[in-house]
Number of protein chains: 2
Amino acid sequence: MSAVEIQRRLTISDVARQAGVSVATVSKVINERYGVSAETASRVQAVIAELGYESSLVARSLRSHQKNVIGILVADFEPFSTELLKGAAHAIRGSGYEIVAYSASGAAEELVGWERRYLSRLSGTLIDGAVLVTPTVVDARYGTPVVAVDPHTGRSGMPTVDSDNLKGAMLATEHLLGLGHRRIGFLGGRLDLESARLREEGYRNALVAAGVEIDPQLIRVGGYRPESAEQPARELLALDDPPTAIFAANDLSAIRTMQVAQDLGLRVPEDLSVIGFDNVPESALAVPQLTTVAQPIQEMGYQAVRMLIDLVEGRSPGQTHVSLPTELVERQSCAPVRTRES
Amino acid sequence: MSAVEIQRRLTISDVARQAGVSVATVSKVINERYGVSAETASRVQAVIAELGYESSLVARSLRSHQKNVIGILVADFEPFSTELLKGAAHAIRGSGYEIVAYSASGAAEELVGWERRYLSRLSGTLIDGAVLVTPTVVDARYGTPVVAVDPHTGRSGMPTVDSDNLKGAMLATEHLLGLGHRRIGFLGGRLDLESARLREEGYRNALVAAGVEIDPQLIRVGGYRPESAEQPARELLALDDPPTAIFAANDLSAIRTMQVAQDLGLRVPEDLSVIGFDNVPESALAVPQLTTVAQPIQEMGYQAVRMLIDLVEGRSPGQTHVSLPTELVERQSCAPVRTRES
DNA sequence: CTGTTAGCGCATTCAC
DNA sequence: GTGAATGCGCTAACAG
């Protein structure tokens with residue numbers, strides 16, 4: 001039996017018409033309510049299967065308040081957020097929930113408070129709750145269950161998943177120190193971003209602990225994006241006494257830093273060591289492969305969704321602040337320092 | 001001025017109340033209609049900015065039929081679809097469109113026809129059109145503009161973006177032949193998947209062209225997923241006369257194949273060469289790094305969204321079948337064959 | 001057991 | 001400048 005020709009979008013009344021019953025009956029079958037004969041039910045089921053009908057997310061959430069949909073709100077689909085999405089997908093498997101990942105990609109990206117606007121756009125009508133990926137503001141109370149991943153302004157009162165940025169940054173810096181580097185540049189995020197602040201603090205702590213004086217010239221703001229990291233990376237390498245190693249506060253900046261160095265005729269890691277932060281898959285695609293500090297990004301997504309589902313279902317989650325460990329991943333972009341005159 | 005305490009989700013009437021005007025006036029301001037004094041308009045704008053209000057996607061799409069939202073419908077968030085998402089995000093930048101990426105992750109994944117049900121769930125009420133990522137069926141006509149990426153059953157009448165699977169598979173096989181391999185295993189997808197069929201055809205063509213006889217024992221079905229690829233990979237390696245190289249039809253299967261080989265005490269690439277297909281970022285994270293055939297996945301996402309926007313806006317897209325080139329990416333998982341007695 | 005009917009929520013857009 | 005009807009597809013309450 002071939003499917004009827006569908007020109008419009010499929011609605012419950014298409015199913016009803018095709019099965020020769022009323023819309024209400026179809027609804028009952030779908031929601032497994034009593035009061036439908038087995039025969040009618042199976043006929044309706046057959047039509048549903050034949051047409052590939054599924055109820056409209058929107059219309060359904062108009063009536064029933066439980067929607068079984070969670071939102072993952074991201075400023076952009078870039079390596080960090082898409083990694084997170086993989087973990088989120090894993091978390092909903094078998095849970096009966098669906099994922100709507102939403103982004104206006106850039107339209108709002110630059111602006112502080114994109115997460116509030118996104119939430120305003122989706123919550124109440126479409127999703128039961130949301131994971132906010134690296135939101136800019138978390139002090140506000142929203143009318144919806146929300147979990148923040150790696151919020152830019154720190155934890156505040158909102159349920160949060162992050163990783164140990166301070167420890168990770170110390171690991172990175174200590175690794176470079178261990179290779180004999182003393183002039184180590186730091187390409188940070190922005191100081192209004194909590195993770196960036198902690199990474200800088202880790203950098204400073206490690207230097208101080210090693211008795212290396214901190215040179216403010218070696219600390220620049222890279223802004224986490226390749227485009228915004230390029231200029232400060234150039235500035236670092238143009239110093240009279242340039243660094244022999246650079247710790248960039250995320251992988252995308254680190255990768256761009258390597259490219260800048262190579263443009264300037266420097267070899268990585270022979271002439272310049274570079275270390276990143278995040279361990280997005282792209283870090284292994286870079287040439288040379290990037291040594292970096294790994295955050296368990298997928299796991300962060302997994303945990304955030306688990307917490308959110310607890311919240312949505314009215315259970316209090318085990319913890320409201322989950323912090324996952326970071327670790328050093330050694331690849332090819334760091335080498336022992338060469339003495340100036342070698 | 002601090003924001004009012006918001007407990008419920010934000011609606012247009014919250015804005016109206018806060019600004020001391022009617023709901024209708026706020027709507028006019030938002031949609032830049034005439035009939036609002038400049039002073040009122042700017043007061044309303046200020047309140048909107050202060051509250052971080054944005055209109056509800058759902059409510060808005062009830063009235064206006066242009067929603068400026070496109071759906072990316074995926075069976076699961078895995079490396080291929082998330083790569084695609086990056087390209088899709090790039091395509092909407094500055095276009096005024098937003099992206100809703102949707103997946104029920106596994107609930108429907110196994111079933112043929114998930115794309116029709118997903119579409120039924122979102123189209124009409126939420127999105128203007130959709131990119132279907134590796135859909136299983138494309139012969140049906142949907143009531144919504146749709147572009148298929150790498151459809152499992154070939155192109156049919158639907159606008160499609162794919163890559164040159166046949167050529168790519170020949171590249172992979174020729175690479176192994178060039179390294180001296182003659183017993184080359186093939187770990188395919190399923191034969192109902194067009195891409196898998198083409199990759200097998202490329203494999204066969206290359207062997208025939210090189211005068212190597214095709215051994216049916218060396219051809220197995222891996223199903224594209226790590227779990228489903230494991231058993232057939234084991235079988236290949238357990239043959240009396242096992243292959244010296246395996247071409248797996250996608251990277252995830254190839255990576256699992258390397259793990260199986262390592263479990264069995266084989267070294268890759270010394271004892272077994274493995275080549276994949278896709279070039280997802282994970283292929284560079286594998287140990288050893290996977291040699292593979294690259295599809296320009298991000299570019300595929302970019303093109304698909306461009307085509308879709310043309311369709312949604314009623315322009316006929318330049319082409320309805322875009323096929324992008326594949327290329328060999330040499331890394332570390334392939335080596336010249338060793339003679340049996342060496 | 002099945003059909004009829006009245007909303008659900010929110011933004012838009014008439015008519016005033 | 002505002003009040004009130006309207007759009008959508010579905011569900012729930014009730015009638016037959």
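Remember, it's a predicted structure, so these values are computed and weren't measured experimentally. Below, chains carry the letters A, B, ... as their sequence lines are ordered, and counting in each starts from 1.
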Whole-Å distance between D:dC8 P and B:Arg121 CZ? 20 Å
If you round to the nearest 0.5 Å, how far is OH of B:Tyr102 from CG of A:Leu57? 5.5 Å
Examine distances only and state if a side-chain atom of A:Ser61 and a backbone atom of A:Thr125 form a donor-acceptor pair shorter than 3.5 Å. yes
What about A:Arg63: does its side chain form a donor-acceptor pair under 3.5 Å with the base of D:dG9? no
Could you work out which one of D:dG3, C:dT4, C:dA11 sits closest to the side chain of B:Ser22? D:dG3
Can you figure out which of D:dC10, C:dT4, D:dG9 approaches the side chain of A:Ala24 most closely? C:dT4
How is B:Val21 classified with respect to the nucleic acid when contacts are heavy atoms under 4.0 Å: base, sugar-phosphate, or nothing? sugar-phosphate
Could you name each residue pair satisfying side chain to side chain donor-acceptor pair (under 3.5 Å) that touches residues 38-48 of chain A, not counting sequence neighbours? A:Ser37-A:Thr40
Give the rounded distance in Å between these two atoms: NZ of A:Lys67 and P of D:dT11. 14 Å
Whole-Å distance separating the CG atom of A:Leu126 from the P atom of D:dC10: 15 Å
If only side-chain N and O atoms of B:Arg60 are considered, is one of them under 4.0 Å from the OP1 or OP2 phosphate oxygen of C:dT12? yes
Determine the minimum heavy-atom distance between A:Glu98 and B:Ala104, stating which atoms define it. CG-CB, 3.8 Å
Taken to the nearest whole Å, CG/A:Asp14 to C1'/D:dC8 is 14 Å
DNA chain D-proximal residues of residues 26-42 of chain A, any heavy atom under 4.0 Å: A:Ser27, A:Asn31, A:Arg33
NA contact type, B:Thr25, heavy-atom cut-off 4.0 Å: base, sugar-phosphate, or nothing? base
What is the distance from CZ of B:Arg17 to P of D:dG3, rounded to the nearest Å? 13 Å
Describe, as an angle rounded to 10 degrees, how the axis at the first end of the helix from C:dC1-D:dG16 to C:dC16-D:dG1 is tilted relative to the axis at the last end, five pairs per end. 50°
Starting at CD1 of B:Ile12 and ending at P of D:dA4, how long is that distance when rounded to a whole Å? 17 Å
What's the spacing between B:Ile92 CD1 and B:Tyr97 OH if we round to 0.5 Å? 11.0 Å
Please check this pair: side chain of B:Ser120 against backbone of A:Tyr53, looking for a donor-acceptor N/O pair closer than 3.5 Å. no
I need the B:Arg93 CZ to A:Asp76 CG distance, nearest 0.5 Å. 4.5 Å
Short side-chain N/O contact from B:Ser56 to OP1 or OP2 of C:dC10, under 4.0 Å: no
Does A:Arg225 pair with A:Glu78 as a salt bridge, N-O distance under 4.0 Å? no
Length of the line joining A:Ile127:CD1 and C:dG9:P, which is rounded to integer Å: 17 Å
The answer to which of B:Val23 and A:Ala59 contacts DNA chain D further toward the 5' end, by nearest nucleotide, is B:Val23
Inspect the surroundings of NE2 in B:His90 and state if more than 12 heavy atoms from other residues, nucleotides or ligands are less than 6.0 Å away. no
Taking A:Glu115 for its side chain and A:Thr136 for its backbone only, find out whether a donor-acceptor pair lies under 3.5 Å. yes
Expressed in angstrom and rounded to an integer, what is the separation of A:Ile48 atom CD1 from D:dG9 atom P? 17 Å
